[in-house]
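To start, the structure itself, in structure tokens.
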Amino acid sequence: MPSRSFFRLFGFNYPMMTSLLPHFILLLFVPFTNCHIPTTLEGPFVPVTVPFDTSLRGVAVDLPDTDPRVRRQVRGFEPEQISLSLSTTFDSVWITWITGEYQIGYNIKPLDPKIVSSVVQFGTSRFELVNEAKGQSLIYNQLYPFEGLQNYTSGIIHHVRLTGLEPSTLYYYQCGDPSLHAMSDIYYFRTMPISDPQSYPGRIAIVGDLGLTYNTTTTISHMTSNEPDLVLLIGDVTYANLYLTNGTGSNCYSCSFPQTPIHETYQPRWDYWGRFMQNLVSRVPIMVVEGNHEIEKQARDKTFVAYSSRFAFPSEESGSSSTFYYSFNAGGVHFIMLGAYINYGKTAEQYKWLERDLANVDKTITPWLIATWHPPWYSTYEAHYREAECMRVEVEELLYSYGVDIVFNGHVHAYERSNRVYNYNLDPCGPVYITVGDGGNREKMAINFTDEPGHCPDPSTTPDPYMGGFCATNFTFGPAASKFCWDRQPDYSAFRESSFGYGILEVKNETWALWTWYRNQDSYKEVGDQIYIVRQPEICPVPQRLYRDCVASF
């Protein structure tokens with residue numbers, strides 16, 4: 001314990017500082033700057049709106065298929081579009097890649113996945129890849145039962161799970177089929193730290209609504225320079241569904257192509273995206289949850305086929321039967337990825353899985369609990385306002401009762417951070433909701449707020465087809481009682497700004513985490529919002545293993 005004279009040197013009261021010592025020690029490691037970084041302990045904050053910078057490129061331009069960053073650079077069955085994703089715990093990861101060329105046209109012939117093996121050779125030395133793992137492979141098709149629409153069949157997609165890994169350890173690997181002399185270069189990754197309240201990934205990058213535009217390239221360049229240990233992509237991956245099957249694109253599909261017999265999608269955009277992202281995600285794991293642009297309806301009412309095929313998900317490992325919802329640990333953080341575009345009602349399988357998953361979280365091992373899904377519950381932008389209200393009504397109480405600390409969403413193409421909130425009321429035990437759907441996609445940036453005159457949408461524009469009705473109605477309490485929108489920035493909205501960007505979460509210990517949102521001003525980055533999010537378990541107790549205890553009592 002530091003002496004009394006040590007604290008007097010800084011003008012602090014000794015008894016007070018002994019009780020605050022853990023927080024004080026943390027602050028000693030915070031770089032001294034001219035700006036004070038606020039903490040949620042100081043909240044709730046007076047709402048802040050940063051005026052829209054009209055010099056920003058509000059509408060982004062897609063990378064063309066002639067850009068060398070999206071062209072196929074391999075030959076034959078050599079691997080490409082290599083990516084890494086986590087399993088539920090540190091000792092296992094997934095490696096994914098594609099071999100062979102996709103086909104798009106009227107007379108496609110799918111490849112046979114059996115003609116190429118799925119092998120990963122790996123080890124802790126790039127010169128001794130002494131371990132080998134084998135996995136499974138698949139292809140998928142995007143088919144349209146109408147004359148004039150081109151069909152698509154993918155290359156062979158490989159998923160291989162590596163097991164028996166050590167925590168916080170650098171591994172080297174190469175993937176492919178050694179029997180065909182079709183192996184990749186050697187890549188590397190570092191495993192997550194052990195699940196423990198003192199162990200966390202260094203930087204977790206959070207981004208949503210990414211797409212593949214020149215703004216996307218800026219976002220990914222800035223994100224890469226921050227050297228993340230993990231990337232979370234909160235839905236809307238490639239925006240391939242803004243194209244006809246002949247490659248013609250539009251910022252507004254329904255506006256430009258109102259007469260098409262089915263909402264088409266140009267699947268090669270997925271391949272372009274996978275090639276562009278390989279440099280980052282071949283060495284940094286990426287965890288993805290579905291957005292509305294991944295629906296991609298095709299023949300026989302199939303949906304989400306590209307999304308479910310191209311990524312490896314720790315669904316089975318986390319007790320889920322679906323690619324739409326799963327969970328995993330990264331050090332002392334338990335992440336829950338939820339699906340907003342399948343049934344989430346209290347009788348649905350997703351809700352039952354969520355109950356089981358939350359009940360099995362041990363906060364003495366993973367004190368931080370973070371949830372993500374695509375459309376936000378708490379957003380004050382006109383775009384998609386209260387669109388996910390049905391989901392909030394069904395799920396919010398469950399997340400609140402188990403002490404979810406932070407919720408990340410996308411969908412709205414702007415940035416917003418909330419005060420701690422529950423059921424639209426300020427609540428010191430509610431999560432901090434962060435909307436970061438501004439990764440750089442080609443659709444327009446959200447710039448209008450519902451509390452501005454003329455921008456409150458009609459309630460009839462907020463249906464939820466996944467629950468079969470309307471849940472967003474006029475407020476019955478608070479300053480917005482009898483109204484559908486507030487007439488000022490709501491109390492629960494702490495900070496909002498329309499700009500492209502992404503965020504970095506740095507969990508410092510079991511109660512403190514630094515959140516930084518980086519504003520992308522075209523060719524350079526700057527901190528747009530920064531705050532320490534502080535857990536207070538002493539005032540917000542959480543039921544430990546409630547579900548399991550109840551089951552055991554029968």
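Just so it is clear, the model here is predicted, and its values are computed rather than measured. Values below: every heavy atom of this structure, side chains too, minus hydrogens, waters and symmetry copies.
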Are [X] and [Y] near enough that their ring centres are under 6.0 Å apart?
X	Y	result
F313	Y307	yes
Y378	Y433	yes
Y172	F127	no
F324	Y341	no
W270	Y140	no
Y171	Y188	no

Is it the case that the side chains of [Y] and [X] hold a donor-acceptor pair, with the cut-off being a distance below 3.5 Å and no angle test?
X	Y	answer
E78	S184	no
H159	T96	yes
T219	T216	no
T153	N141	yes
N409	H374	no
Y502	N226	yes
H334	D357	yes
Y243	D62	yes
Y187	Q278	yes
E317	W94	yes
Y415	D529	yes
Y152	D271	yes
S118	H158	yes
T511	N509	yes

Could you check whether [X] pairs with [Y] (Lys NZ or Arg NE/NH1/NH2 to Asp/Glu carboxylate O, under 4.0 Å)?
X	Y	result
D229	R203	no
E510	R535	no
R356	E349	yes
K363	D405	yes

### Query
After noting the C-alpha distance and the side-chain angles of W517 and S499, does the key distance pass the side-chain contact (heavy atoms from CB on, under 4.5 Å) rule?
CA-CA 11 Å; W517 173 64; S499 176; 3.9 Å; yes
In the structure I gave you, are the side-chain heavy atoms of [X] and [Y] within less than 4.5 Å of one another anywhere?
X	Y	result
I95	L84	yes
M192	V93	no
F189	L165	yes
S85	M287	yes
R69	R275	no

Shortest non-hydrogen separation from [X] to [Y] and the atoms involved:
X	Y	value
G235	E294	C-OE1, 3.8 Å
T323	S308	OG1-OG, 2.9 Å
V70	P64	CG2-O, 3.5 Å
A133	L162	CB-CD2, 3.6 Å
L280	P228	CD1-CG, 4.5 Å
T163	S92	CG2-OG, 3.9 Å

Determine whether a donor-acceptor pair (N or O, by modelled atom type, separation under 3.5 Å) exists between the side chain of [X] and the backbone of [Y].
X	Y	value
D177	S117	yes
N131	F122	yes
E80	Q73	no
S418	R420	no
T99	P79	no
S318	P314	yes

About how many Å separate [atom2] of [Y] and [atom1] of [X], when rounded to the nearest 0.5 Å?
X	Y	atom1	atom2	result
I533	W368	CD1	CH2	6.5 Å
I406	R417	CD1	CZ	11.0 Å
S225	I220	OG	CD1	11.0 Å
W377	E387	CH2	CD	14.5 Å
S379	H384	OG	NE2	9.0 Å
D438	R519	CG	CZ	11.0 Å

### Query
Name the one of Y325, F328, W373, Y326 that satisfies ring-ring contact (aromatic ring centres under 6.0 Å, His included) with F335?
F328
Has [X] got more than 12 heavy atoms of other residues, nucleotides or ligands less than 6.0 Å from its [atom1]?
X	atom1	answer
D65	CG	yes
E526	CD	yes
E316	CD	no

### Query
Which one of I204, V407, V333, I336 satisfies the side chain to side chain contact (heavy atoms under 4.5 Å, CB included) criterion with I370?
V333
### Task
Sort out for me which residue in V412, V237, D236 forms a side chain to side chain contact (heavy atoms under 4.5 Å, CB included) with D209.
D236
### Message
If you apply the rule side-chain contact (heavy atoms from CB on, under 4.5 Å), what do you find for K134 with V160, and how did you get there?
### Response
CA-CA 6 Å; K134 297 181 179 180; V160 177; 5.7 Å; no
#### Entry: Derivation and outcome, side-chain contact (heavy atoms from CB on, under 4.5 Å), residues V120 and Q174
CA-CA 6 Å; V120 176; Q174 60 179 169; over 6 Å; no
### Query
Hey, mind stepping through T169 and T124 against side-chain contact (heavy atoms from CB on, under 4.5 Å) and telling me if it holds?
CA-CA 8 Å; T169 301; T124 54; 4.0 Å; yes
